[in-house]
There are 2 protein chains.
Amino acid sequence: MATTGGAGRPEKRKAITRAATTVFGREGYVRASMDAIAAEAGVSKRTVYNHFADKETLFLSVALQNSAELTERIRELMAKYLDRVVDLRRDLTDFAVERANAVLSAGEHGALGRAIRAEVANIPVDVLEAWLEAGPVASQRDLAQHFAALSGRGLLAVEDGELAAEQFTLLTFHGVAERSFWGALPVASEEVERIATAGVDAFLRIHGGPGAGRPAG
Amino acid sequence: MATTGGAGRPEKRKAITRAATTVFGREGYVRASMDAIAAEAGVSKRTVYNHFADKETLFLSVALQNSAELTERIRELMAKYLDRVVDLRRDLTDFAVERANAVLSAGEHGALGRAIRAEVANIPVDVLEAWLEAGPVASQRDLAQHFAALSGRGLLAVEDGELAAEQFTLLTFHGVAERSFWGALPVASEEVERIATAGVDAFLRIHGGPGAGRPAG
DNA sequence: GTCTATACAGGGATAGAC
DNA sequence: GTCTATCCCTGTATAGAC
């Protein structure tokens, strides 16, 4: 898909995609140079062009891959915190904190998302839609299903799972994302926890079930 | 501040800042060229460098100016909708819609905000802080004061005005900002209204006063 | 036969010179 | 206002090395 043939050794290709993720995430699409990516990967520039037709193809390829990986990582967090809920407020808060850390972790996954958001006007619409579908949209759908399940168990009173998932994400995540500029600047972990706590509190006031009162204190 | 002397005619300078806002907003910092800005302004490139020391100085200058202008525009919207409230739900919704349109309007103000967010890792921290203070932070403070006043009148039950302002912005604005990638892609006005309506509804469930029940229907 | 290293053509950018 | 010095980047080509 959008690569050049099947030639080349797989371990080289992996080193290239890994390096491209790092450099694109750090420098952004325009500033990142193919020389820097080749150096970061420890391969010659010719090898990079042997695996990927051009810079744009490489960027879009790692963007889609990264998006899918991040969705899977978030899926694991949902399974960890939202499948077997005992203390809903606490589990929602822990999930919110860990998701924010996962998505906005300084150098890794989140940084490429920032590069994509910066280049969105220059990305072909079909690729952008594929990126959305593999990433944010998929995560939102997963979360909606968990909320629907929790509603079925009487722990939440959610009418529209999609709306609830969107509002949960806005209240617990986007405040952190905005403050950190999608991972470009560090945010203190206490701040992440504060936002998650306040966000979950607000979320439960909107969608909380009968047993979701506020904690004492 | 951060410009080159006071030389040059004021109308030329205005044409340059206006052109720079347009081109930086459209192309982003790296892709925008000083040639394109000079052409857009209808002046020679020498004139641009006569007013602004270099590309970075020009960018940061228009960024700060744009941030302050947008804050003022939002301030006017607050005065229009939140000073003399008769129907709180409706006024909050109208404010949310107009603010989203103002900030994310395709080519004008909002586009530069996207360029700044993309370049945040390359902006000096003091300039970034000045930009935040003149823009998002100031607007948030203004909104917090309005919510506190509405609370004093018994129309809201807000404990922490800052928190309420942040949650209002998240619930009614950031969903649109994310969908449009901060104005890079168009969002249907029905979608903006839908998000504003659902966001205000959620906001009033969190912070609504005694008389803020949901509308019939 | 893939990889490394290096060099190079072509284009475009900034910033300054005339 | 045009012209240009200097630099950097993409993508290709030309060598040889495991």
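A, B, ... follow the sequence lines: proteins, then strands. Residue 1 opens every chain. Atom set for the values below is all heavy atoms of this structure, side chains included, hydrogens, waters and symmetry mates excluded. Keep in mind it's a predicted model, so treat the numbers as computed, not measured.
- Both cation-pi conditions hold for R13(A) and F52(A): the charged atom is under 6.0 angstrom from the six-membered ring centre and inside a 45 degree cone around its axis.
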Quiz prompt | Derivation and outcome, side-chain contact (heavy atoms from CB on, under 4.5 Å), residues Y49(A) and M34(A) | solution = CA-CA 9 Å; Y49(A) 280 101; M34(A) 295 295 265; 3.5 Å; yes

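- The phosphate of dT2(C) has neither OP1 nor OP2 within less than 4.0 Å of any side-chain N or O from N50(A).
- Just one of F168(B), F95(B), W182(B), F203(B) meets the ring-ring contact (aromatic ring centres under 6.0 Å, His included) condition when paired with F173(B); it is W182(B).
- Close to dG1(D), at under 4.0 Å from its OP1 or OP2, lies no side-chain N or O of T47(B).
- Using a 3.5 Å distance cut-off with no hydrogens or angles, the side chains of D54(A) and T57(A) do pair a donor with an acceptor.
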Each nucleotide N or O in nucleotides 11-18 of chain C that has a protein N or O under 3.5 Å away: list the pair and distance.
{"residue": "dT14(C)", "atom": "OP1", "partner": "A32(B)", "partner atom": "O", "Å": "3.4"}
{"residue": "dT14(C)", "atom": "OP1", "partner": "M34(B)", "partner atom": "N", "Å": "3.2"}
{"residue": "dT14(C)", "atom": "OP1", "partner": "K55(B)", "partner atom": "NZ", "Å": "3.2"}
{"residue": "dT14(C)", "atom": "OP2", "partner": "M34(B)", "partner atom": "N", "Å": "3.0"}
{"residue": "dA15(C)", "atom": "OP2", "partner": "Y49(B)", "partner atom": "OH", "Å": "3.1"}
{"residue": "dA15(C)", "atom": "OP2", "partner": "K55(B)", "partner atom": "N", "Å": "3.2"}
{"residue": "dA15(C)", "atom": "N6", "partner": "K45(B)", "partner atom": "NZ", "Å": "2.9"}

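- Within the structure, the salt bridge (Lys or Arg N to Asp or Glu O under 4.0 Å) test picks out the following pairs touching residues 124-147 of chain B (sequence neighbours left out): R75(B)-D142(B), E133(B)-R141(B).
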